[in-house]
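Each chain gets a letter, A, B and so on, in the order its sequence line appears, and its residues count up from 1. Because only heavy atoms are used, hydrogens play no part in the values below, and waters and symmetry mates are left out as well, while side chains stay in. Model, not experiment: these values are computed from the prediction.
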2 protein chains.
Amino acid sequence: MAMRIGELAERAGTSVKTIRYYDRIGVLRPEERSESGYRLYGEDALDRYRFVRAAQAVGLRLGEIREIIALRDLGETPCAFVVDLIGRRAAELDAQIADLAALREELRTLDRRARRLNPRRCEPRLICHVIDPEI
Amino acid sequence: MAMRIGELAERAGTSVKTIRYYDRIGVLRPEERSESGYRLYGEDALDRYRFVRAAQAVGLRLGEIREIIALRDLGETPCAFVVDLIGRRAAELDAQIADLAALREELRTLDRRARRLNPRRCEPRLICHVIDPEI
DNA sequence: CTTGACTCTCCCCTATAGGGGAGGCTTTAG
DNA sequence: CTAAAGCCTCCCCTATAGGGGAGAGTCAAG
């Protein structure tokens, strides 16, 4: 009935290392251990695994996912917590996107400058007048 | 005439650790060492430092910056190399921005779903129906 | 002469999500 | 019975740009 780690990994389409790691950080604990210490998982482990991946796919970190699961295991509905997490992640994403877009714009400026400048007029005193123009 | 590391760091507005690190990875080598092993820098170290920061600010990594500086120290004009680097970094940025925007869109979907779903109808069998709806 | 401020090298630590491999049991098939 | 395949724990490693601190040498002023 119970799966060992290799079977779970294969059915989940992942590596044994990953499942062991999930056990270690507490997002996917085995139901029990065999007498010889082997991790034994039930069928629901596959659902759990799928949940972890779904949560990762929307940008949550394993630490946050562990907290969601912990709430669930305490019998609470983690909805409010999840909505809050998602809101914060969204704000982080917005900031990150804005940063990258600004950087992208900066690169466009550099590209225009590079087209305007003549490589032969590149003063050896400076390292690169494209990046550091000093007027 | 020659500055020691503390003075350079202060005038550059950075930390001694950073200057030492730049020496170690080869982006900002001291002109020489004193008898007792102290790093000694000339005035141009400040320009170099400024260049490194300018290059970092447009998204280049220290490893790439080192290559630009190495080219320069070989007497070549690194313009072509820099333009190439900038082009590649721009492409990376575009891809990254697209990824983040897709993730952001995904979060918007989740947010809409969370508003539609009733937390009380959250089935205990699933961990969180906002993230992993199974339907 | 001594104290305090600098400086040196060396080593560990940060976050993330695992990967690689060693050395040693356990289980299963033939 | 034996060999292969699985499994265990433990430890190091990845990339980035440094930060923290130990222990020891150096330099200036009082």
Length of the [atom1]-[atom2] vector between [X] and [N], whole Å:
X	N	atom1	atom2	answer
B:Gln56	D:dA17	CD	C1'	8 Å
B:Arg66	D:dA15	CZ	P	12 Å
B:Arg20	C:dT9	CZ	P	7 Å
A:Arg61	C:dA15	CZ	P	12 Å
B:Tyr21	C:dC12	OH	P	17 Å
B:Arg33	C:dT7	CZ	P	12 Å
B:Met3	D:dC27	CE	P	19 Å
A:Tyr49	C:dA17	OH	C1'	12 Å

Would a single hydrophobic cluster contain both [Y] and [X], if residues Ile, Leu, Val, Met, Phe, Trp and Tyr are joined by side-chain heavy-atom contacts under 4.5 Å?
X	Y	value
A:Leu60	A:Leu62	yes
B:Val83	B:Phe81	no
A:Tyr21	A:Ile5	yes
B:Leu46	B:Leu40	no

Surrounding CD of B:Glu92 (heavy atoms of other residues, nucleotides or ligands, distance under 6.0 Å), is the total greater than 12?
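Yes, because the 6.0 Å sphere around CD of B:Glu92 holds more than 12 heavy atoms from other groups.
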Take atom CZ in B:Arg115; do more than 12 heavy atoms of anything else shown fall under 6.0 Å from it?
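Not more than 12 within 6.0 Å, no.
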Using a cut-off of strictly less than 4.0 Å, decide whether [X] has a side-chain nitrogen or oxygen near OP1 or OP2 of [N].
X	N	result
A:Arg39	D:dC8	yes
A:Thr18	C:dG19	yes
A:Arg24	D:dC10	no

Within this structure, what is the NE2-CZ distance for the pair A:His129 and A:Arg116, rounded to the nearest 0.5 Å?
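Going from the NE2 atom of A:His129 to the CZ atom of A:Arg116 covers 10.0 Å.
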Give A:Ile25 one of three labels, base, sugar-phosphate or nothing, depending on what nucleic acid heavy atoms sit under 4.0 Å from its own.
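No contact.
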Touch class at under 4.0 angstrom, heavy-atom based, for A:Arg53 against every strand present:
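Sugar-phosphate contact only - A:Arg53 comes under 4.0 Å of backbone atoms but never of a base.
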Any chance you could list the contact pattern along nucleotides 22-30 of chain C? Use B for base contacts, S for sugar-phosphate-only contacts and - for none, protein heavy atoms under 4.0 Å, 5' to 3'.
----BS---
